[in-house]
A.B. asks: 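The structure is given below, and queries will be raised subsequently.
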Amino acid sequence: MSDMTTRFADIVGAHNLLIGDAIPDDYSHDEELTHPPQKPAYLAKPSSAEEVARLLETAAANKVPVTARGSGTGLSGAAIPRADGLLISFERMNKVLEVDTVNQVAVVQPGVTLTELDAATADCGLRYMVHPGELSSSVGGNVGTNAGGMNAVKYGIARHNVVGLQAVLPTGEIIRTGGKIAKVSTGYDLTQLIVGSEGTLALATEVIVKLHPRLDHSATVLAPFADFDQVMAAVPIVVASGLGPYILEYIDNMTMAALVHTQNLELGIPDSVRDSCQAYLVVGLESRTADRLDEDVERAGELLAELGAADAYVLEGASARKLIEAREKAFWTAKAMGADDIIDTVVPRGAMPKFLAGARDLAGAAGGGAVGCGHAGDGNVHLAIFCKEPAARKKLMTDIFALAMELGGAISGEHGLGRAKTPYFLELEDPVNVDLMRRIKQSFDPAGILNPDVLFG
Ligand SMILES: Cc1cc2nc3c(=O)[nH]c(=O)nc-3n(C[C@H](O)[C@H](O)[C@H](O)COP(=O)(O)OP(=O)(O)OC[C@H]3O[C@@H](n4cnc5c(N)ncnc54)[C@H](O)[C@@H]3O)c2cc1C
């Protein structure tokens, strides 16, 4: 047994420190499409913040790179460990410590999955509303990526829903930030600096998340449009309508056809409408009372018709759930269709038509394709990129990201940069911003051990 193995095993116990072939393959990757899996030298499963602190202190003293892992559902390669590194899996730190109904927060360990948190908050009528498509993802991973998802249009992203942390710095110091408080104006906001930092600044060992009331009544309105630009033009108008949708997604016709086929969806849309439709808008509405919901659904139908929809299909109960679940599985469908890469670029809502038309043109000129769906209410476009040749694909992706940035957008809206998008970030981002981020990284992590391949390459 090597010296490092003994040291890490002394901290977490021999049973919770795996090396070599004993490390299951699953720990060598997340769900990102392009990077080869990579097993770490050591896999540790700590059970407390103190153990995490000792692991980080030991790793820093010995210059061992460290990657944090929640559930490994990330889509940017940010949880892929280094071959010579330590992977810290939070799977044993999976307790919901408190559901505080007075302050409407839950205090959880980072390894708690969204499914587990949802079950723990169901009885009190509250819910954590950050909803990335993969509910096996962990709260710690949501902190790492600043996760978004379908409900962000109404409830915001992880950044709006994480109000406090206990976190371990790579120096081994344990800090607390924020709290069960609704606001704070006391120095720099360290909570929000750590949220979205992809495990490069500090590791969250406790997370305080906001909870929202569960509304009893919901319905989903599906509107096919013959013209793609009409869908995009409809989005800001639906947002401004006062209907307050908690889901506002677009799905292009190719993606919808693939979802219908792979997920056995029965939407009840006649062939004639389906064949002439370029894209769909999915509008999720919810309310405290059935009457109010009926009123909103009726108004949504009228509004969508005024905006050019061929029709508006109201889905409730199981059929609504099935459509939403199929949309959540769009990534697996794109993967099954042979997508070479995926992007989750964000642009100002009003710039979506220009961005999507530009991205399609760029893909066409490169001899490839770009199809998809997205969190339209947030201007967050998910495209599956089809372009086999690596150099042509790299140029295409660079051009698409550059276009998004020209339009006032950013490379990633919710998946993060990870190993996959870091090279584009370093090429396209303002060097002054990159340098400032580097100095922030240096002050948190002087030894440079936390996820060194992410953000700075
Ligand atoms: C089918 C599918 C659909 C998806 N849909 C969405 C979507 O709609 N919106 C969206 O935002 N994402 C989506 N995702 C991506 C993914 O689910 C989210 O990024 C999620 O937040 C990752 O959580 P995880 O626990 O799997 O994290 P991991 O993949 O394990 O890790 C993600 C990042 O967080 C870091 N990290 C993990 N734990 C900690 C910790 N305790 N402290 C600090 N950093 C930590 C890791 O180092 C890594 O950088 C989807 C993924 C799939 C497979």
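Counting convention: from 1, in listed order, for ligands and their atoms alike. This is a predicted model, so every value here is computed, not measured.
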A.B. asks: Please determine if Gly72 has a nitrogen or oxygen closer than 3.5 Å to a nitrogen or oxygen of ligand 1.
C.D. replies: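 Yes, since at least one N or O of Gly72 sits under 3.5 Å from an N or O of ligand 1.
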A.B. asks: Side chains of Thr255 and Thr333: does their closest heavy-atom pair fall under 4.5 Å?
C.D. replies: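 Answer no - side chains too far apart.
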A.B. asks: At a 4.0 Å cut-off, with the gap strictly under it, does some heavy atom of Val143 reach an atom of ligand 1?
C.D. replies: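 Distance cut 4.0 Å: Val143 fails for ligand 1.
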A.B. asks: Would His375 count as a contact of ligand 1 if the rule is a heavy atom under 4.0 Å away?
C.D. replies: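 Right, His375 reaches ligand 1.
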A.B. asks: Which of the listed options, Ser137, Gly418, Gly133, holds the heavy atom that is closest to atom 3 (C) of ligand 1?
C.D. replies: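 Answer by nearest heavy atom: Gly133.
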A.B. asks: Are Met150 and His375 side-chain neighbours, meaning at least one heavy-atom pair lies under 4.5 Å?
C.D. replies: yes
A.B. asks: If every non-hydrogen atom of Val162 is compared with every non-hydrogen atom of Val207, which pair is closest and at what distance?
C.D. replies: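 The pair with the smallest heavy-atom distance is CG1-CG1, 3.9 Å.
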A.B. asks: Between Ile342 and Ala384, what is the shortest heavy-atom contact and its length?
C.D. replies: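 Scanning both residues, the minimum pair turns out to be CG2-CA, 4.3 Å.
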A.B. asks: Return yes or no for this condition: an N or O of Asp30 is under 3.5 Å from an N or O of ligand 1.
C.D. replies: no
A.B. asks: With the threshold set at 4.0 Å, does a side-chain nitrogen-carboxylate oxygen contact exist between Arg176 and Glu206?
C.D. replies: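 Counted as a salt bridge, because a side-chain N and a carboxylate O are separated by less than 4.0 Å.
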A.B. asks: Within the structure, does Thr67 bring an N/O atom to less than 3.5 angstrom of an N/O atom in ligand 1?
C.D. replies: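 For ligand 1, there is no N or O atom that lies under 3.5 Å from one belonging to Thr67.
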A.B. asks: Who's closest to atom 11 (O) of ligand 1 heavy-atom-wise, of Gly148, Ala79, Pro132, Ala167?
C.D. replies: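 Answer by nearest heavy atom: Gly148.
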A.B. asks: Could you see which bit of Ala68 sits under 4.0 Å from ligand 1, with heavy atoms only: side chain, backbone, both or neither?
C.D. replies: both
A.B. asks: Give yes if a backbone or side-chain nitrogen or oxygen of Leu203 is under 3.5 Å from a nitrogen or oxygen of ligand 1, and no if not.
C.D. replies: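 Among all N and O atoms of Leu203, none is under 3.5 Å from an N or O of ligand 1.
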A.B. asks: Check Ala202 against ligand 1 and report side chain, backbone, both or neither, counting heavy atoms closer than 4.0 Å.
C.D. replies: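 For Ala202, the contact with ligand 1 is made by the backbone alone.
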A.B. asks: Could you tell me if the ring centre of Tyr155 sits under 6.0 Å from that of His212?
C.D. replies: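 Tyr155 vs His212: aromatic centres under 6.0 Å.
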A.B. asks: Quick one: does any side-chain atom of Glu32 pair with a main-chain N or O of Thr34 as donor and acceptor, under 3.5 Å?
C.D. replies: yes
A.B. asks: Consider ligand 1: state whether an atom of it lies below 4.0 angstrom from any non-hydrogen atom of Glu328.
C.D. replies: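 Heavy atoms of Glu328 do come under 4.0 Å of ligand 1.
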A.B. asks: Any N or O of Gly74 that comes nearer than 3.5 Å to an N or O of ligand 1?
C.D. replies: yes
A.B. asks: Looking only at distance, does His382 have an N or O less than 3.5 Å from an N or O of ligand 1?
C.D. replies: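 Between His382 and ligand 1, no N or O pair is found under 3.5 Å apart.
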A.B. asks: When you measure from atom 1 (C) of ligand 1 to every protein heavy atom, which one gives the shortest distance, and what is it?
C.D. replies: Trp332 NE1, 3.3 Å
A.B. asks: When you compare the side chain of Val283 with that of Thr220, does any pair of heavy atoms fall below 4.5 Å?
C.D. replies: no
